[in-house]
Amino acid sequence: LVGTVSITGYTGNAYGRLLNNSITGNITLADDAAYPAGYFTYIRNNVITGNCQFSINSNNAILDADFAGSGNKYVGNLTYIRNGGSIVAASNEPNELSGNLILQSVSDIYLGKWIFSGNTNGMVEQLSSQPVSIAEFTIQKDAGSSVTLNDAVTISSAVIFSSGIINSSAGNELIFADNSIHWGSSANSYVNGPVVKTGNDPFTFPVGNLSTYAPLSISAPDLPTDEF
């Protein structure tokens, strides 16, 4: 399919489904606030070349890549807007994204496994007040490309460094929660900017600057609430 897809105000006694598509064009999905409870919107196993905006207005949920083998590939920017209900994205299968990840929510957006790929720079940004938390963040950008954090991002499980740079800054740090880990950092893939670690485990900060990888290690702090 080639062209713009806009489905807004959908409702009725049926599930919403965007499944197994290859689409070149921008996509907008938004349910009606009166969409009956219990009818979720499923987004599974799509390849979309274009910008996507998915909005939940009812008390239902958007489930994006919610079981094994259902991951989506987004070649463009992706925006989630939560006005009601919840959005659960990449909980059981990674979503791959080459553009920007933009959130607009005060609560109830869950971000699971994400692969940031492609040859263009991307960013992660929250337009409202919910803190940004990602379970598993894989940086797999082509050489010279990066992902910039425009808000602080907390990692609950792991960061996997393959290629490309994560840019952070004061107030927009990459934060490792207690017991979260990382691997694969190198001169080709690291964090350019501040990193925060919470917890009582020994930790190596995967930092660098200007193509220089300069990790910094600490021994185990005393308390699970300690922060460095």
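The figures here come from the full heavy-atom set of this structure, side chains too, leaving out hydrogens, waters and symmetry mates. Only a predicted model underlies this, so the values are computations on that prediction, with no experimental measurement involved.
With contacts defined as side-chain heavy-atom distances shorter than 4.5 Å, the pair T28/T8 qualifies. When side chains are defined from C-beta on, L103 counts as touching L111, because their heavy atoms get closer than 4.5 Å. Two residues are said to be in side-chain contact when any heavy atoms from C-beta on lie closer than 4.5 Å; N179 and D201 meet this criterion. For the pair F54/L78, a side-chain contact is recorded, criterion being any heavy-atom separation below 4.5 Å from C-beta on.
Closest of all the heavy-atom pairs between V106 and S128 is CG1-OG, 3.5 Å. The minimum heavy-atom distance linking S58 with D31 is given by the pair OG-OD2, 2.6 Å. Of all heavy-atom pairs spanning Q130 and S107, the tightest one is OE1-C, 3.2 Å. Taking each heavy atom of S189 and G164 in turn, the nearest pair found is OG-O, 2.8 Å. Scanning all heavy atoms of the two residues, the minimum distance from N72 to N95 falls at N-OD1, 2.8 Å. Taking all atoms of both residues into account, the shortest heavy-atom contact from G71 to E93 is N-CG, 3.3 Å.
Among residues at least two apart or in separate chains, there is no salt bridge (charged side-chain N to carboxylate O under 4.0 Å, His left out) pair with a member in residues 170-187. The stretch residues 71-90 participates, sequence neighbours left out, in these salt bridge (charged side-chain N to carboxylate O under 4.0 Å, His left out) pairs: R82-D108. Pairs passing the salt bridge (charged side-chain N to carboxylate O under 4.0 Å, His left out) check and including a residue from residues 208-222, sequence neighbours excluded, do not occur.
In this structure, H182 has its ring center under 6.0 Å from that of F203. Ring pair Y35/Y10: centre-to-centre distance below 6.0 Å.
Screening Y42, Y110, Y80 for a side-chain hydrogen bond (donor to acceptor under 3.5 Å, both in side chains) with D64, the sole residue that qualifies is Y80.
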| field | side chain to side chain contact (heavy atoms under 4.5 Å, CB included) between T41 and N60, intermediate numbers included | value | CA-CA 8 Å; T41 297; N60 290 304; over 6 Å; no
| query | Stepwise, does the side chain to side chain contact (heavy atoms under 4.5 Å, CB included) test hold for F176 with V159? | reply | CA-CA 9 Å; F176 286 85; V159 176; 3.7 Å; yes
| message | What verdict does the side chain to side chain contact (heavy atoms under 4.5 Å, CB included) test give for I102 and M123, after you've listed the backbone C-alpha separation in whole Å, the side-chain angles of each residue and the deciding distance to 0.1 Å? | response | CA-CA 8 Å; I102 301 169; M123 69 176 184; 4.3 Å; yes
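In this view, F40 satisfies the ring pair (Phe, Tyr, Trp, His ring centres under 6.0 Å) rule with no residue, not counting sequence neighbours. Not a single ring pair (Phe, Tyr, Trp, His ring centres under 6.0 Å) links Y74 to another residue, sequence neighbours left out.
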Which atom pairs, one a donor and one an acceptor, fall under 3.5 Å between side chains of residues 145-157 and the rest of the protein, sequence neighbours left out?
from, atom 1, to, atom 2, distance (Å)
S145, OG, N119, O, 3.0
S146, OG, N121, OD1, 3.4
S146, OG, N167, ND2, 3.1
T148, OG1, N167, ND2, 3.2
D151, OD2, Q126, N, 2.8

